There are 2 protein chains.
Amino acid sequence: MKGNSTLKYIAQQMGISVSTVSRALNEKSVVKEETRKKVQEMAKKYGYVPNEVARSLQKSSTETIAVVLPDISETFFARIVKGLENVMMQHGYMIILADTRERADKESQYIEMLYRRRVDALVLATVDCSGASATPFLESGTPVVFIDNIPDIVSADVITVDNIAASKVATKYLLSAGHRKIAVILGSKTETTGIERLEGYRQALYASGEEVDEELIEYGDYKMESGYEAMKRLLEKRRETAFSAVYVTSEKMTYGAIRAIREAGLTIPGDLSLVGFDIHNLMDDRPQMITTVCQPEEAIGKKVGELLLDRLKNEENGQKGIKMRLSPFIYEGDTVKRIHETESKYC
Amino acid sequence: MKGNSTLKYIAQQMGISVSTVSRALNEKSVVKEETRKKVQEMAKKYGYVPNEVARSLQKSSTETIAVVLPDISETFFARIVKGLENVMMQHGYMIILADTRERADKESQYIEMLYRRRVDALVLATVDCSGASATPFLESGTPVVFIDNIPDIVSADVITVDNIAASKVATKYLLSAGHRKIAVILGSKTETTGIERLEGYRQALYASGEEVDEELIEYGDYKMESGYEAMKRLLEKRRETAFSAVYVTSEKMTYGAIRAIREAGLTIPGDLSLVGFDIHNLMDDRPQMITTVCQPEEAIGKKVGELLLDRLKNEENGQKGIKMRLSPFIYEGDTVKRIHETESKYC
DNA sequence: TATAATAATACAAACGTTTGCAAAAGGCGA
DNA sequence: TCGCCTTTTGCAAACGTTTGTATTATTATA
């Protein structure tokens, strides 16, 4: 008789009504203390475990939030999830995770499934710049927070790292080390992550009076192999461009770039200086002390959670077009610098 | 009128019964083709989205499986989740993720919450060797699969890497490179991951007729700092022990050990050879070509999924005491070797 | 002791589905 | 036209809760 006992069953056994049992267990409403005690005893005796599915149906809230992202095995996303999960769990919410493997079709399919399950909110790292995959949620007024990439939708809530600041600090770091010709490897021409990181690089160069040499800008696709190829292209035209440093804007591409540099028989930082992006393992453990700009992932997750909790509490859901940009860090040997605090909220 | 339309609503609008609408939409049962068409039209028109919560209640199955693990930001776990998620999604199941931050109290608390939500199964990387936190599931006969650590419970289903084989191959690799005195850094004295990895190391030494020097066995706690400390302890007694190689049995500890070695002014592999464990980023991208044993995480996730699907289909749930041990890989420069296939199933 | 006020409990509807069974509609041969 | 079989549809219960309202039991007040 274990495991399938319900309010009804307990009520029958005790010869009282279901509603009394329910109220006795939920501490909420007034029930005679004596009754409550007895009900609690019985509940324990019969191994009663409340059925959250039924509760969800009745309350029309599942206390569940969905996270849809391109690749959970990227430490970047895993850490965001961790930060988010932590704050949500503290408030009784759990996380459903969907990994799209960077495919837009899966993305919309999963989001559709999640909507059917009536999750209370969606956190989305979209691979589709338009943000269109989120429409079921958007239309129904269910909260959505975009992370990483900023979608076209103007009214969407977004929380990301401040990519411009990140690139600025990386570039400035190299400038202050005396470099004048600095190459950059970007991950995307169309996504905001790429666009903004380029922008920061430009701004830093302008600010110090340097020209931007378009020949020094190469593109990959955030994956390792593309970093390798991009670096090779840069090295091929090194004679003309004469760059002495390179800034690579993603972890995997950084590894690829390092390989290309090594294969070319060059050393870091002897022949070429390098600043990487989000190099987590080398950062925690830095066997080779690569300077790297990092995103505060857990903090992003936490902020997303806090925003969501706020949205979920105050019933007036819907998008408010909040854009929050968290400050990146730079790891330079043993020094860790928080760059700046920009939590710009526009409404 | 968007977003909150139900079967009932559609039925009312069309002046037919709810059950007909339900059957028309679920393709299952016989409905006049004409009616079906009309119902589908209407469903589209009113933006009907089935409510899976209600469905779950009725079917008493949520098509959701829970994954509880100590740290999702560990690539090891993230990849298992990815592999698992992929196969489950293909069958309409979604994943609820819970990160215990390595705390046993959180673990049981989360599992309790998950049981209330009536997830269909539990995948658990426990931090509590007893496996006691899984009791709600175990008692109710809901499928549970343990990963990574093997719990005390004999009848539990477990899928892990073959740790003995992993250690054997790592040790043999060093032996075949001519090393005789090989140190080892383990992560745990009590968990099976630690015990088995030690066992493999022992077996490899015995097999080649070497003595096991207890002085060469050091323990950490799988974290980076402990690898650093353990390596320092080893280096301190290097005069007496005269080891020429070290095998470190976790990713983070390997990074720590590398740091200790470097701080001692030694080089790898010049002064000391090293085999690491699960070095993912260096493996994908291997800027420094560390030899490392790796676990086939996505394959583990996939196997877990397949086992679960089988359990969920054939109603006779419950634990069967299946133990599957997947074969590890060794990455040695550019060579990748699958070690062997041991899918031992004992019933 | 009757009556009003309050505390405790019970009733029943609702949340949105699925599904066994009964009822109705349609088709066909006699 | 009637009866019978088949196809299609409808009814109603069930899944396990919550919750507004009605009812009953208890106590205090006059």
Side-chain angles (χ1 to χ4, degrees), chain A residues 1-40 42-43 46-64 92 113 115-120 140, chain B residues 1-40 42-43 46-64 92 113 115-120 140:
Chain A
M1 199 52 62
K2 273 267 180 183
N4 52 348
S5 81
T6 66
L7 290 186
K8 190 165 144 199
Y9 180 75
I10 295 179
Q12 279 169 349
Q13 294 301 312
M14 301 182 63
I16 64 177
S17 83
V18 180
S19 49
T20 302
V21 179
S22 170
R23 288 194 247 253
L25 258 20
N26 289 323
E27 313 277 338
K28 292 282 178 200
S29 182
V30 272
V31 174
K32 204 160 126 203
E33 208 42 44
E34 192 192 332
T35 324
R36 171 160 292 157
K37 279 273 153 54
K38 262 195 227 146
V39 169
Q40 284 169 340
M42 285 306 186
Y46 294 120
Y48 171 72
V49 178
N51 184 323
E52 292 291 341
V53 177
R55 215 199 287 255
S56 290
L57 179 60
Q58 156 66 34
K59 302 276 210 81
S60 63
S61 146
T62 53
E63 315 249 283
T64 302
M113 286 175 71
Y115 186 68
R116 289 171 173 228
R117 290 175 179 239
R118 298 296 191 269
V119 296
D120 293 342
S140 72
Chain B
M1 199 52 64
K2 274 267 181 184
N4 53 347
S5 82
T6 66
L7 290 186
K8 190 166 148 199
Y9 181 77
I10 295 180
Q12 279 170 349
Q13 295 299 312
M14 300 182 62
I16 65 178
S17 82
V18 179
S19 48
T20 303
V21 180
S22 170
R23 288 192 251 255
L25 258 21
N26 289 324
E27 312 277 338
K28 292 283 177 199
S29 182
V30 271
V31 174
K32 204 160 127 202
E33 207 42 45
E34 193 190 330
T35 325
R36 171 159 292 157
K37 280 272 153 55
K38 261 196 229 145
V39 169
Q40 283 169 340
M42 284 307 184
Y46 294 120
Y48 171 72
V49 178
N51 184 324
E52 291 291 342
V53 177
R55 217 199 288 253
S56 291
L57 181 60
Q58 156 67 32
K59 302 275 209 82
S60 64
S61 145
T62 52
E63 314 250 283
T64 302
M113 286 176 72
Y115 187 68
R116 291 172 172 227
R117 288 172 181 242
R118 297 297 190 270
V119 295
D120 292 343
S140 71

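Please read these numbers as outputs of a predicted model, since none were measured by experiment. Lettering of chains follows the sequences in order, A, B, ..., and the numbering in each one begins at 1.
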Distance test, side-chain N/O of [X] to OP1/OP2 of [N], below 4.0 Å:
X: T6(B); N: dC15(C); answer: no
X: N51(B); N: dC15(C); answer: no
X: T20(B); N: dT9(D); answer: no
X: Y48(B); N: dT17(C); answer: yes

Listed nucleotide nearest any side-chain atom of [X], set [options]:
X: S19(B); options: dC15(D), dT18(C), dC11(D); value: dC11(D)
X: R23(B); options: dC11(D), dT8(D), dT17(D); value: dC11(D)
X: I16(B); options: dG16(D), dT8(D), dG10(D); value: dG10(D)

* Asked: What nucleic acid atoms does V49(A) come within less than 4.0 Å of, heavy atoms only: base, sugar-phosphate, or nothing?
  -> sugar-phosphate

* Asked: Which part of the nucleic acid, if any, lies within contact of V31(A), taking any heavy atom under 4.0 Å across all strands shown: a base, the sugar-phosphate backbone alone, or nothing?
  -> sugar-phosphate

Output side-chain donor-acceptor pairs under 3.5 Å for residues 53-60 of chain B, partner residues at least two apart or in another chain, one line each.
residue	atom	partner	partner atom	Å
R55(B)	NE	E52(B)	OE1	3.4
S56(B)	OG	E52(B)	O	2.8
S56(B)	OG	S61(B)	O	3.4

* Approximate separation, where rounding is to 0.5 Å, of K38(B) NZ and Q40(B) CD -> 13.0 Å

Quick one: [X] [atom1] to [N] [atom2], roughly how many Å, whole number?
X: L7(A); N: dT19(D); atom1: CG; atom2: P; answer: 12 Å
X: E52(A); N: dG16(D); atom1: CD; atom2: P; answer: 14 Å
X: R36(B); N: dT7(D); atom1: CZ; atom2: C1'; answer: 13 Å
X: R117(B); N: dT17(D); atom1: CZ; atom2: P; answer: 15 Å
X: R116(B); N: dT18(D); atom1: CZ; atom2: C1'; answer: 15 Å
X: K8(A); N: dT18(D); atom1: NZ; atom2: C1'; answer: 16 Å
X: R118(B); N: dT17(C); atom1: CZ; atom2: C1'; answer: 18 Å
X: Y9(B); N: dA14(C); atom1: OH; atom2: C1'; answer: 19 Å

* **Counterpart residues, side chain to side chain contact (heavy atoms under 4.5 Å, CB included), relative to K37(A) (two or more places apart)** => E33(A)

* **Residues that Q13(A) engages under side chain to side chain contact (heavy atoms under 4.5 Å, CB included), provided they are two or more places apart** => Y9(A), Y46(A)

* Min side-chain heavy-atom separation V21(A)-Y48(A) under 4.5 Å -> no

* To do: Would you check if V39(B) and V31(B) make a side-chain contact, meaning some heavy-atom pair closer than 4.5 Å?
  => no

* **Cation-pi check, R117(A) onto Y115(A) ring (under 6.0 Å, within 45° of axis)** => no

* **End-to-end axis angle, where each axis spans five pairs of the helix from dT1(C)-dA30(D) to dA30(C)-dT1(D), to 10°** => 70°

* Mapping K32(A) and K32(B) onto DNA chain D by nearest heavy atom, which one lands closer to the 5' end? -> K32(B)

* Structure fact -> For S19(B), the side chain to side chain donor-acceptor pair (under 3.5 Å) test, sequence neighbours excluded, returns S17(B)

* Sub-4.0 Å heavy-atom contacts from residues 54-64 of chain B onto DNA chain D, ordered by number -> L57(B), Q58(B)

